Amino acid sequence: MRSCFFNPWVLVSLVLVLPVLLSLRNPRGEPENTITPTTTSFGTVKLANTFPFQFNQRIRDGSNLEYDFYRNTCPQAEDIVRSAVTDIYFDHRDLSPSLLRLFFHDCFIQGCDASLLLEDNGNGNSSSEKQAIPNQTLKGFDRIDMIKEEVEQACPGVVSCADILALAARDSVLLAGGPFYPVLTGRRDSLQSFFEDATDQIPKPDDNITRTLHLFNLRGFSARETVSLLGGHNIGRISCDFIQQRLYNFQGTGQPDPSIPLDFLSQMRQNCPDNRSISSSSTGKFSTEFTTSPMNVHHHSNKKGMSYTQALSAVSSGASFDTHYYQSLLRGRGLLFADQQLMAEERTARLVSAYASDDGSTFRMDFARVMLKLSNLDVLTGNQGQVRLNCSQLIGS
């Protein structure tokens, strides 16, 4: 068991949590501020917090979660998670993309309930969520199991897998250079997984802007929140597996995507030679493979890929979490078709331009807020679900 001492993260949490939580008080459906391409003062992100709680219904906005939920039952829980994530990170720098991608895929399908971690679907009659095509390249399950084991040694049967995943994803984002955001706790673990939903509802790398905005809107995310969340692509490397079709057989034409600038097409093809045996059309956007950070997947050493740092020939700051993703899109150098599609609609294009126009502080604040919102999506609380002892298995299975 780890010995837990006072950690400066606790003080940081207390200083930063209040203003972000207060932003949740804005009612759902309020109009967003009008933004011109050069505007950097976005105002407050409008986050939903108006869903009434009803017994046996999921809590969409996390209003039944608490800050430091385990303060009496397992006060060292968050320190254990943070320490374990830090230890793993310095040996495996791909931890951040792995955990953030796990977290997104879990929350996007029926909420942040650790349903993705189950080995079966809870009734034995069909495939598990983990087996859905967009989830087949996910990494990090073993890391969550390691962290869960440490927490169980300290506090058996107390801390849910859903909370461990939410905390670990946040801690890994911070270690990778991303912004801090508070994570409320008190989630419970799902009693089933959702194979069909995961197969159909995870965004794909070849989705157009209409489809992308629709999928996020179904989960209560505005266009602005969608654009800021996709900014997690700014770190790491996207595997060639998910670029191939755009480079060599765009929409079945046998030709590259005509919207790619010729110099960038040449650069991309140099990094990703033709391999027609690999198709990305059925794999999720957040199934893109990354070596160093968010929303994407662990990159195998024997595979090639590209980062948004490479896409932007003149890197803006060299920082690990800045605005070069948005700057790349402004220049038509999006690696994924779905990313570049953010420039295909006026409202999202204005947001891209606005995020790209300052030092990254606006993007970082919005990203922190949307990650907080994502972490509270459709959670199970109270007597709903269960607290698994092993994240891959239901109690009693």
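No experiment lies behind these values; they were computed from the predicted model shown. Heavy-atom basis, side chains included; hydrogens, waters and symmetry copies ignored. Residue indices begin at 1 and follow the sequence shown.
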Using atom types as modelled and distance alone, determine if a side-chain donor or acceptor of R331 lies under 3.5 Å from a backbone N or O of Q327.
no
Roughly how far, to the nearest 0.5 Å, is CZ of F264 from OG of S328?
7.0 Å
Donor + acceptor pair across side chains of Y89, D171 (<3.5 Å):
no
Going by the salt bridge (charged side-chain N to carboxylate O under 4.0 Å, His left out) test, which pairs reach into residues 174-184, not counting sequence neighbours?
none
D366 and K373: salt bridge (Lys or Arg N to Asp or Glu O under 4.0 Å), yes or no, with the steps?
CA-CA 10 Å; D366 276 11; K373 180 173 179 176; over 6 Å; no
Give, for atom CG of D339 and atom NE2 of H233, the distance between the pair rounded to the nearest 0.5 Å.
5.0 Å
Distance-only donor-acceptor check, side chains D197 and Q110, under 3.5 Å
yes
Can you tell me how the ring of Y326 sits relative to the ring of F363, calling it parallel under 30°, perpendicular over 60° and tilted otherwise?
perpendicular
Looking only at side-chain N and O atoms, does R333 offer a donor or acceptor that is under 3.5 Å from a partner on Q267?
yes
Minimum side-chain heavy-atom gap R143-H92 below 4.5 Å
yes
Please report the closest heavy-atom contact between A368 and F180, naming both atoms and the distance.
CB-O, 3.6 Å
Set of residues satisfying salt bridge (charged side-chain N to carboxylate O under 4.0 Å, His left out) with respect to E345, sequence neighbours excluded:
R347
Give me each pair satisfying disulfide bond (SG atoms under 2.5 Å apart) with a member in residues 159-199, each pair once, sequence neighbours excluded.
C161-C391
Can we say R82 and D79 salt-bridge, meaning some charged N sits less than 4.0 Å from an Asp/Glu carboxylate O?
yes
